[in-house]
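Written below as structure tokens is the structure these notes are about.
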Amino acid sequence: MTTPLTAILSPESLQSGVPGPLYVKLRQTLEEAITSGKLNYGDALPAERDLADHAHVSRVTVRKAVDDLVKDGLLVRRHGSGTFVAKPVSKVQQSLSRLTSFTEDMARRGLTTRAEWLDRGLFHPSPDEMMMLGLPPDGLVARLGRLRVADDMPLAIERACISSEFLPDPMQVQGSLYAALEKHGCRPVRAVQRISAYNMKDPDAAMLGVPAGSAGLSIERVSYLRTGRVVEFTRSIYRGDAYDFVAELTLSET
């Protein structure tokens, strides 16, 4: 711990002042210590018993305060190791007026990206994929599932499907999917994107490093060639605490 516990947590301050639940006061005290830098990223929180003894409160009070901070992403529990101050989250903004890949978008911000493959290959299409991509029953679809990471922070789970006509070998995709499609002369030129609120469920929440039930964004994108043919159908889950979508609005001339 960067700062001694006695300098962070005063039992007198918890027991006095504005009336209210002790766990709320304890939570606010710990949150202030994190945001002010008294507790820094990676610092280990004392054990619940030690916190309770020092603050003259019950372990139930400590657990509830810590649970709230874990839920808000300020603390993270590591099984068998303890509770630590989480890495600060810097929000990424993406414009809704430009059709770019995740890799291209992060590169413009100077962020280092990588992908952890969840699945990749050619498969027989599902009824949804046949309908969205206009595939015959005997066609094949390339599926690419990835955990997208920027500067070592997991930001999104992306699951894309493309007709094998446009991507005959999904193993060729190493970085940007759109760069791979461009090599085949079938990079999309426009897309329709639907964004909705989503409460994270495991195992998605675990992969993104957030508690189950955290706010997220569910995004469906259908991308088109100049001919009007659908080339890509993608479903993604984005962290709500780390990603903002921004749209510029102008006055319509009538």
Side-chain angles (χ1 to χ4, degrees), residues 1-2 23-24 26-48 51 60-96 101-103 105-106 109-119 144-160 193-221 234-246:
M1 178 177 288
T2 303
Y23 86 89
V24 173
L26 179 58
R27 181 201 182 287
Q28 291 172 341
T29 300
L30 293 174
E31 182 177 3
E32 189 278 332
I34 294 170
T35 56
S36 67
K38 294 177 184 176
L39 289 174
N40 293 320
Y41 165 53
D43 282 348
L45 213 62
E48 286 183 1
L51 275 174
V60 173
T61 296
V62 171
R63 188 174 300 115
K64 187 164 179 56
V66 171
D67 284 347
D68 280 2
L69 293 171
V70 169
K71 187 179 298 183
D72 289 345
L74 294 176
L75 296 176
V76 59
R77 284 193 176 99
R78 297 174 187 162
H79 184 68
S81 299
T83 304
F84 299 83
V85 178
K87 184 176 182 179
V89 175
S90 298
K91 283 226 173 189
V92 174
Q93 292 188 348
Q94 179 180 334
S95 171
L96 289 175
S101 70
F102 180 91
T103 304
D105 198 49
M106 295 301 107
R109 290 164 172 76
L111 302 179
T112 302
T113 64
R114 61 182 173 85
E116 296 179 11
W117 288 102
L118 306 176
D119 58 73
L144 303 100
R146 293 182 284 181
L147 175 66
R148 310 308 301 266
V149 181
D151 278 3
D152 291 325
M153 176 179 290
L155 287 181
I157 298 169
E158 181 183 90
R159 298 185 184 278
Q193 192 159 264
R194 182 184 298 273
I195 304 173
S196 57
Y198 175 77
N199 290 329
M200 295 283 186
K201 300 179 179 65
D202 281 330
D204 291 347
M207 282 193 285
L208 291 173
V210 298
S214 298
L217 297 170
S218 174
I219 300 170
E220 287 190 357
R221 175 188 284 189
T234 296
R235 288 189 175 105
S236 302
I237 302 295
Y238 281 79
R239 283 178 57 156
D241 64 341
Y243 224 89
D244 281 337
F245 287 87
V246 180

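As a basis for the values below, the full set of heavy atoms in this structure was taken, side chains included, without hydrogen atoms, waters or symmetry mates.
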For residues [X] and [Y], determine if any side-chain heavy atom of one lies less than 4.5 Å from a side-chain heavy atom of the other.
{"X": "Leu45", "Y": "Leu51", "value": "yes"}
{"X": "Asn40", "Y": "Val85", "value": "no"}
{"X": "Leu147", "Y": "Val149", "value": "yes"}
{"X": "Trp117", "Y": "Leu144", "value": "yes"}
{"X": "Val76", "Y": "Arg78", "value": "yes"}

Partners meeting side chain to side chain donor-acceptor pair (under 3.5 Å) with [X] (sequence neighbours left out):
{"X": "Glu158", "value": "Arg146, Arg148"}
{"X": "Asp67", "value": "Arg77"}
{"X": "Thr61", "value": "Ser58"}
{"X": "Ser214", "value": "none"}

Item checked: Ala215 to Asn199 - nearest heavy-atom pair and separation -> CA-OD1, 4.4 Å
How many angstroms lie between [atom1] in [X] and [atom2] in [Y], if you round to the nearest 0.5 Å?
{"X": "Leu217", "Y": "Asp241", "atom1": "CG", "atom2": "CG", "value": "10.0 Å"}
{"X": "Tyr41", "Y": "Phe84", "atom1": "OH", "atom2": "CZ", "value": "10.5 Å"}
{"X": "Asp43", "Y": "Ile34", "atom1": "CG", "atom2": "CD1", "value": "9.0 Å"}
{"X": "Tyr238", "Y": "Ile157", "atom1": "OH", "atom2": "CD1", "value": "11.0 Å"}
{"X": "Arg239", "Y": "Tyr198", "atom1": "CZ", "atom2": "OH", "value": "14.5 Å"}
{"X": "Leu30", "Y": "Thr83", "atom1": "CG", "atom2": "OG1", "value": "10.5 Å"}

Check: Going through the distances and angles, do Leu118 and Arg159 end up as a side chain to side chain contact (heavy atoms under 4.5 Å, CB included)?
Finding: CA-CA 9 Å; Leu118 306 176; Arg159 298 185 184 278; 3.8 Å; yes
Checklist line | Pairs satisfying salt bridge (Lys or Arg N to Asp or Glu O under 4.0 Å), at least one member in residues 199-220, at least two apart | finding: Glu220-Arg235
Quiz: residues 205-212 side-chain donor-acceptor pairs under 3.5 angstrom, not counting sequence neighbours:
none

Next item on the list: Begin with the C-alpha distance, continue with both residues' side-chain angles, and end with the deciding distance and a verdict on side chain to side chain contact (heavy atoms under 4.5 Å, CB included) for Gln193 and Ile219.
Entry: CA-CA 7 Å; Gln193 192 159 264; Ile219 300 170; 3.5 Å; yes
